[in-house]
Enquirer: 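The structure under discussion is supplied below as structure tokens; questions concerning it will follow.
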Amino acid sequence: MKRRATERRSETVPPAGAVPPGTPRWISAELIAKTIRTWQPYYDEPLTPDDAVAMITGVGRLVDVLIRGKD
């Protein structure tokens, strides 16, 4: 039987306290979990908290570049 996406997502979300070592302090366990819930449907492999931190910090760097404009 094929599982619905919502069922699959709930199984892959890490526990609320899953914050990898070295993660910037502004990234919370809740933000990591929300990032995984948002992006998991687009990935075949389960996303990890490390994957979520990489996604979050990558977007942060992109925003920094866009804010600076032409240098």
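Note that the structure is predicted; figures quoted are calculated from it, not measured.
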Enquirer: If you measure from CH2 on W26 to CD1 on I56, what distance do you get to the nearest 0.5 Å?
Expert: 6.5 Å

Enquirer: Yes or no on side-chain contact (heavy atoms from CB on, under 4.5 Å) for V53 and T35, after CA distance, side-chain angles and deciding distance?
Expert: CA-CA 9 Å; V53 170; T35 300; over 6 Å; no

Enquirer: Search all heavy atoms of S28 against all heavy atoms of V19 and return the closest pair with its distance.
Expert: C-CG2, 4.4 Å

Enquirer: Quick check on the hydrophobic clustering: are L62 and L31 connected, directly or via other members, by side-chain heavy-atom contacts under 4.5 Å?
Expert: no

Enquirer: When hydrophobic residues are tied together by side-chain contacts of less than 4.5 Å, even through go-betweens, does V59 share a cluster with Y42?
Expert: no

Enquirer: Looking only at heavy atoms, which two atoms of E45 and Q40 are closest? And how far apart?
Expert: O-NE2, 3.0 Å

Enquirer: If you take all heavy atoms of L47 and I36, which pair is closest and at what distance?
Expert: O-CD1, 4.1 Å

Enquirer: Identify the two heavy atoms, one from I32 and one from P20, that lie closest to each other, and give their separation to 0.1 Å.
Expert: CD1-CD, 3.9 Å

Enquirer: Can you see which heavy atom on D51 is nearest to which on P46, and at what distance?
Expert: OD2-O, 4.2 Å

